[in-house]
Asker: 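Can you read through this structure? Questions will come right after.
Letters go in sequence order (proteins before strands), and every chain restarts at 1.
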2 protein chains.
Amino acid sequence: MNVKTAIQKLKENGYKHTKQRERILSILAEQEQYFAAKDILKEIQADFPSVSYDTIYRNLYLMADVEILEATELDGEKHFRLGCGTHGHHHHFICTDCGKTKSIETCPMDELGEDLRGYQVENHKFEIYGKCPACS
Amino acid sequence: MNVKTAIQKLKENGYKHTKQRERILSILAEQEQYFAAKDILKEIQADFPSVSYDTIYRNLYLMADVEILEATELDGEKHFRLGCGTHGHHHHFICTDCGKTKSIETCPMDELGEDLRGYQVENHKFEIYGKCPACS
DNA sequence: TTTTAAATAATAATGATTACGATTTACACA
DNA sequence: TGTGTAAATCGTAATCATTATTATTTAAAA
């Protein structure tokens, strides 16, 4: 997903176009990777020295709600990335050095079969961690 | 794994048998589920009013190190459970109501094939969340 | 029993996240 | 193009999980 599409999606959901939101999105668009709130704060403060964590967190969660972003928990901190958009449900390999991600198309839920008869599945998490080709 | 085996394993690794450690283990042994540090603190303080978080965390991480416990991150908090012990590598279904878990024997890494050619895999996480039969 | 390193207790510090009242801003509409 | 208003942001403080520190206590080896 790109910044323009994301802003469009914000408008569709009744949210305003602010320069802070656009800047947050442009930071997320720089790399296919998960960002922590503090990473985004640090970068955005070059342009908007007065943004607070409130603004960062409020918008990250908002954009995750309307499926502009994907969220996950890494090392005890929430991380966010632009949704891949082009394809549907998928998972990620995450490089523990540079943070870049690679989409994994196979989903383990497809193979589960009878393992969970009687269980009502609501959600799942599958992530692979390691070194990408550039870092290994 | 049971409490006796766990204490045995602590000794094998050169760690002492303390009543706090035994009590922590007995709490973890009550249910096949992941516990947060504060859950364990709350229960243990009935017997040992003076235990501090330091003791809880130090021992949980220690016991995870020697593979007595399994650890995972749920809702932004570290959680721990007794290792299943009986079988090797596996994953869990986790009930979002009662917290009980069910082991899943299939591991998605087996099916990955060529998806990660050139990537150096170090770790992975696969968890399924939902309602167990009793809660659904 | 004595000794001593390991473990615990009590408390403070840190760091991520959330909360909140005051101020500013996007934008619908005149 | 102005104006009103709800939404968004700012500045700052509070909260909560986790980690650190130092003094005291304890398990267990000799």
Asker: Could I get the full list of side chain to side chain contact (heavy atoms under 4.5 Å, CB included) partners for A:Lys102, not counting sequence neighbours?
Answerer: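 A:Lys102 satisfies side chain to side chain contact (heavy atoms under 4.5 Å, CB included) with A:Phe93, B:Leu116, B:Tyr119 once adjacent residues are dropped.
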Asker: Between B:Gln33 and B:Arg81, is the side chain to side chain contact (heavy atoms under 4.5 Å, CB included) condition met? List the steps.
Answerer: CA-CA 6 Å; B:Gln33 76 176 85; B:Arg81 54 162 293 153; 5.9 Å; no
Asker: Could you tell me whether B:Arg117 and B:Glu114 make a salt bridge, using a distance below 4.0 angstrom between a side-chain N and a carboxylate O?
Answerer: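 Yes.
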Asker: Under 6.0 Å between the ring centres of A:His124 and A:His91?
Answerer: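 When the ring centroids of A:His124 and A:His91 are compared, they turn out to be within the sub-6.0 Å range.
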Asker: Under 4.0 Å from any atom of DNA chain D, heavy atoms only: list the residues of residues 3-10 of chain A that qualify, in numerical order.
Answerer: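 Contacts with DNA chain D under 4.0 Å: none.
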Asker: Atom OH of B:Tyr34 to atom C1' of D:dA17: distance rounded to whole Å?
Answerer: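 Whole-Å distance recorded here is 19 Å.
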Asker: Name the one of A:Asn59, A:Leu28, A:Val51, A:Thr55 that satisfies side chain to side chain contact (heavy atoms under 4.5 Å, CB included) with A:Ile40?
Answerer: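 With A:Ile40 as partner, side chain to side chain contact (heavy atoms under 4.5 Å, CB included) holds for just one option, A:Leu28.
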Asker: End-to-end bend of the helix from C:dT1-D:dA30 to C:dA30-D:dT1 (five-pair axes, 10° rounding)?
Answerer: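 Terminal axis comparison yields 30°.
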Asker: Return the set of residues passing side chain to side chain donor-acceptor pair (under 3.5 Å) with B:Thr5 (not counting sequence neighbours), or none when no residue passes.
Answerer: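 Side chain to side chain donor-acceptor pair (under 3.5 Å) list for B:Thr5, sorted by chain: B:Asn2.
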Asker: Take atom CG of A:Leu60 and atom C1' of D:dT9, then tell me their distance rounded to the nearest Å.
Answerer: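 Answer to the nearest Å: 14 Å.
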Asker: Does A:Arg58 put a side-chain nitrogen or oxygen below 4.0 Å from OP1 or OP2 of D:dA8?
Answerer: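 A:Arg58 to D:dA8 OP1/OP2: no side-chain N or O under 4.0 Å.
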Asker: Could you run down the sub-3.5 Å N/O contacts of the protein with nucleotides 15-19 of chain C?
Answerer:
unit_1 : atom_1 : unit_2  : atom_2 : d
C:dA16 : OP1    : A:Lys38 : NZ     : 3.0
C:dT17 : OP1    : A:Lys78 : N      : 2.9
C:dT17 : OP2    : A:Tyr57 : OH     : 2.1
C:dT17 : O5'    : A:Tyr57 : OH     : 3.0

Asker: Send over the distance from A:Arg23 CZ to D:dT9 P, rounded to a whole Å.
Answerer: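 Spelled out: CZ on A:Arg23 to P on D:dT9 is 15 Å.
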Asker: Not counting sequence neighbours, which residues clear side chain to side chain contact (heavy atoms under 4.5 Å, CB included) with B:Asn13? List them please.
Answerer: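 With neighbours one apart ignored, the set is B:Lys9, B:Tyr15, B:Val66.
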Asker: If I take atom CD1 in residue B:Ile44 and atom C1' in nucleotide C:dT8, what distance separates them, rounded to the nearest angstrom?
Answerer: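 Whole-Å distance recorded here is 11 Å.
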Asker: D:dT26 P sits how many Å from B:Phe48 CZ, rounded?
Answerer: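 Atom-to-atom, B:Phe48 to D:dT26, this comes out as 11 Å.
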Asker: Tell me the interatomic distance from B:Ile56, atom CD1, to D:dC16, atom P, rounded to whole angstroms.
Answerer: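 Those two atoms, CD1 and P, are 19 Å apart.
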Asker: Got a sec, which residues hit salt bridge (Lys or Arg N to Asp or Glu O under 4.0 Å) with A:Asp54, two or more places apart in sequence or on another chain?
Answerer: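 Checked A:Asp54 against salt bridge (Lys or Arg N to Asp or Glu O under 4.0 Å); matches are A:Arg58.
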Asker: Between the protein and nucleotides 24-30 of chain C, which nitrogen or oxygen pairs are less than 3.5 angstrom apart?
Answerer:
unit_1 : atom_1 : unit_2  : atom_2 : d
C:dA26 : N3     : A:Lys16 : NZ     : 3.3
C:dC27 : OP1    : A:His17 : N      : 2.9

Asker: Of B:Ser50 and B:Gly14, whose closest DNA chain C nucleotide lies nearer the 5' terminus?
Answerer: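 Per heavy-atom nearest nucleotide, the more 5' residue is B:Gly14.
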Asker: Can you list, pair by pair, the side-chain donor-acceptor contacts under 3.5 Å of residues 72-79 of chain A, counting residues two or more places apart and other chains?
Answerer:
unit_1  : atom_1 : unit_2   : atom_2 : d
A:Thr72 : OG1    : A:Lys125 : NZ     : 2.9
A:Thr72 : OG1    : A:Glu127 : OE2    : 2.6
A:Glu77 : OE1    : A:Lys38  : NZ     : 3.0
A:Glu77 : OE2    : A:Lys38  : NZ     : 3.1
A:His79 : ND1    : A:Glu77  : O      : 2.8

Asker: Taking only residues at least two apart or on different chains, which pairs with a member in residues 23-45 of chain B satisfy ring pair (Phe, Tyr, Trp, His ring centres under 6.0 Å)?
Answerer: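 For residues 23-45 of chain B, and leaving out neighbouring residues, the ring pair (Phe, Tyr, Trp, His ring centres under 6.0 Å) pairs sorted by first residue read B:Tyr34-B:His92.
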Asker: Heavy atoms, side chains only, cut-off 4.5 Å: are B:Cys98 and B:Gln31 in contact?
Answerer: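 No. Closest side-chain heavy atoms not under 4.5 Å.
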Asker: Under the rule for side chain to side chain contact (heavy atoms under 4.5 Å, CB included), what residues qualify as partners of B:Ala71, not counting sequence neighbours?
Answerer: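 Here the qualifying residues are B:Phe80.
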Asker: Rounded to whole Å, how long is the line connecting atom CG of B:Leu41 with atom C1' of D:dT18?
Answerer: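 Checked: the CG to C1' distance equals 13 Å.
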Asker: Please report the C-alpha distance between B:Thr96 and A:Glu122 in whole Å, then the side-chain angles of each, then the deciding distance to 0.1 Å, and finally whether the side-chain hydrogen bond (donor to acceptor under 3.5 Å, both in side chains) criterion is met.
Answerer: CA-CA 9 Å; B:Thr96 50; A:Glu122 290 168 348; 3.3 Å; yes
Asker: Can you list every side chain to side chain donor-acceptor pair (under 3.5 Å) pair that touches residues 42-53 of chain A, not counting sequence neighbours?
Answerer: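 As it turns out, the side chain to side chain donor-acceptor pair (under 3.5 Å) pairs with a partner in residues 42-53 of chain A, which skip direct neighbours, are A:Arg23-A:Asp47.
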